[in-house]
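Note sheet for the following structure.
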Amino acid sequence: KLFGTKPLRLDSAKPKPSVSAVFSAFNEERVLPEKLENLRQIKALHPDIEFFAYSDCSSDDTLAILNSASDLLTVIPAHERAGKATGMRKMVAAARGEVVIFTDANVILQPDTVAKMLCYFSDPSVGGVAGTLLYINEAESSTAKIGGLYWRLEEWLKRLESRCGSIMGADGSIFATRRALYPEVPPYLLDDMTVSMTVTFHGLRLIHATDVIAFEKTTTSSSDEFRRKRRIACRAFNTHRHLWPQIRKNYHALDIYKYLSHKVLRWFGLVPLTLALTFGAAALIAVDKAWLALALTGLGAGIYLAGRQGIRPFSLVSETILAVFATFCGILDSLSGKTYQTWAPAVSRN
């Protein structure tokens with residue numbers, strides 16, 4: 001119990017709320033057979049759960065594969081590309097469950113995920129639950145390794161935030177909210193961030209559950225990851241500007257601190273990094289150590305270039321720098337008025 005937060009009051013004997021699970025897909029034919037088998041495993045444990053899938057005008061066999069499982073799920077096809085947020089809105093509108101579980105087409109859930117997740121909703125103060133995502137292919141490349149390291153840090157922060165109230169948004173791979181809280185989400189925003197944070201605007205908690213496990217493959221290509229991070233950062237900052245008035249209105253000082261330190265400082269990470277390097281070099285020049293500043297600059301450039309050639313451990317450094325730069329490019333995209341509404345799965349992820 002921290003900062004006056006009441007401990008969760010979970011009651012496993014309490015009747016579980018009805019549940020629906022939804023996911024959007026675009027050109028996911030390679031991962032769907034495993035996904036559908038995973039859903040059948042979950043259905044065997046929870047016969048009353050209803051599944052929905054949205055195909056965002058896929059150009060491969062995604063829609064055909066989904067339609068072949070009509071006994072398992074309800075398919076909502078798009079007739080023109082509209083984006084994930086639009087698909088999620090349509091599925092939630094058709095869902096009947098009191099709780100809606102949101103996931104992705106390429107994410108595999110532990111079969112007991114639903115039971116564990118619903119147990120948290122026995123506490124009336126809980127409006128949303130974010131699960132724990134594990135990457136299963138970190139060893140495949142330096143890009144995947146850095147992605148895994150970053151995500152473990154992200155999960156650690158969520159655990160700390162959850163202990164003292166609510167987390168600052170959930171990831172779309174695995175989270176759930178009470179259906180009655182679902183907001184209107186503009187199609188160019190991050191639906192997972194908007195939907196999950198809206199829970200807190202209603203005075204309910206958005207918590208992190210370490211026993212709700214999901215598995216996913218991350219991107220292994222540096223170029224794929226750069227494009228992905230840039231797109232997500234742009235949509236995230238657009239979402240921030242959309243939600244900020246409600247955050248200022250509804251959040252207390254501790255929540256504001258958590259939000260700014262977790263989200264906003266990360267998005268602008270390139271700025272303090274650049275300033276630190278610039279002022280460090282200026283300080284060395286001011287004390288007649290220009291040669292050292294030049295040498296360190298050359299060393300840094302050499303490490304980065306060696307990393308770009310795939311030489312470890314330098315590749316881990318270069319991938320980290322690229323990730324920070326990609327995020328900042330996405331912020332600049334947002335500030336310039338750019339939006340990303342549709343998406344495509346990274347080829348290197350599968």
Side-chain angles (χ1 to χ4, degrees), residues 133-158 171 173 190 216-238 240 260-336 338 340 343-350:
L133 175 65
L134 301 178
Y135 287 135
I136 60 175
N137 64 330
E138 289 185 32
E140 293 185 9
S141 72
S142 294
T143 300
K145 181 68 173 178
I146 289 299
L149 289 172
Y150 164 79
W151 197 253
R152 284 195 291 277
L153 173 61
E154 180 77 8
E155 296 285 2
W156 176 70
L157 288 173
K158 288 177 180 177
D171 174 70
S173 58
L190 284 177
E216 181 181 8
K217 287 185 177 181
T218 186
T219 53
T220 58
S221 162
S222 183
S223 57
D224 277 349
E225 183 67 357
F226 188 94
R227 287 190 294 270
R228 188 182 77 90
K229 282 195 174 296
R230 181 172 184 170
R231 171 177 54 83
I232 291 175
C234 177
R235 299 187 73 200
F237 199 68
N238 283 334
H240 157 73
L260 294 178
S261 61
H262 187 168
K263 298 289 188 182
V264 179
L265 290 182
R266 179 186 65 187
W267 294 331
F268 289 93
L270 185 64
V271 175
L273 177 62
T274 302
L275 289 176
L277 294 175
T278 300
F279 284 118
L284 289 174
I285 294 172
V287 296
D288 295 326
K289 298 290 185 180
W291 63 270
L292 182 56
L294 183 61
L296 291 174
T297 300
L299 177 63
I303 290 174
Y304 177 79
L305 292 174
R308 295 305 295 152
Q309 296 301 313
I311 302 173
R312 289 202 177 193
F314 307 129
S315 57
L316 300 179
V317 176
S318 65
E319 289 296 334
T320 301
I321 293 172
L322 276 177
V324 173
F325 183 63
T327 298
F328 190 70
C329 287
I331 300 303
L332 293 180
D333 286 342
S334 173
L335 292 173
S336 68
K338 187 171 183 178
Y340 293 84
W343 85 106
V347 175
S348 67
R349 186 199 68 198
N350 298 314

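For the numbers below, each heavy atom of this structure counts, side chains included, while hydrogens, waters and symmetry mates do not. Along the sequence shown, residues are numbered consecutively beginning with 1.
- Asn238 places a side-chain N or O within donor-acceptor distance of the main-chain N or O of Lys338, the cut-off being under 3.5 Å.
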Please list every donor-acceptor pair under 3.5 Å in which a side-chain atom of residues 267-291 meets a protein atom from a residue at least two apart or in another chain.
residue: Thr274; atom: OG1; partner: Leu270; partner atom: O; Å: 2.8
residue: Thr278; atom: OG1; partner: Thr274; partner atom: O; Å: 2.8

Audit row: Arg227, Ser223, side chain to side chain contact (heavy atoms under 4.5 Å, CB included) steps and yes/no: CA-CA 6 Å; Arg227 287 190 294 270; Ser223 57; 3.9 Å; yes
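- Using a 4.0 Å cut-off between charged side-chain N and carboxylate O, Glu155 and Arg152 make no salt bridge.
- Looking at heavy atoms from C-beta onward, Glu154 lies out of side-chain contact with Asp171 at the 4.5 angstrom threshold.
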Do Thr143 and Phe226 pass the side chain to side chain contact (heavy atoms under 4.5 Å, CB included) test, and can you show the C-alpha distance, the side-chain angles, and the key distance before you say yes or no? CA-CA 10 Å; Thr143 300; Phe226 188 94; over 6 Å; no
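- Summarising the local packing, CZ of Phe325 is surrounded by 12 or fewer heavy atoms from other residues, nucleotides or ligands at distances under 6.0 Å.
- Once rounded to the nearest 0.5 Å, the distance linking CG of Leu316 with OG1 of Thr320 reads 6.5 Å.
- Taken from NE2 in His240 to CG in Leu190, the straight-line distance is 13.0 Å, to the nearest 0.5 Å.
- Between Leu260 and Leu265, the closest side-chain pair of non-hydrogen atoms is not below 4.5 Å.
- Two residues are said to be in side-chain contact when any heavy atoms from C-beta on lie closer than 4.5 Å; Leu149 and Leu153 fail this criterion.
- If you take CZ on Arg231 and CG on Asp333, they are separated by 12.0 Å, rounding to the nearest 0.5 Å.
- Between the side chain of Glu319 and the backbone N or O of Ser222, no donor-acceptor pair lies under 3.5 Å.
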For Arg312 and Ser142: C-alpha separation, side-chain torsions, deciding distance, then whether side chain to side chain donor-acceptor pair (under 3.5 Å) applies. CA-CA 8 Å; Arg312 289 202 177 193; Ser142 294; 3.3 Å; yes
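- Atom OH of residue Tyr150 and atom CZ of residue Arg266 lie 3.5 Å apart, to the nearest 0.5 angstrom.
- Every residue two or more places apart in sequence or in another chain was checked for a ring pair (Phe, Tyr, Trp, His ring centres under 6.0 Å) with Phe314, and none qualifies.
- Atom CZ of residue Arg228 and atom OG of residue Ser221 lie 11.5 Å apart, to the nearest 0.5 angstrom.
- Atom OG1 in Thr219 sits 7.5 Å away from atom OH in Tyr135 (nearest 0.5 Å).
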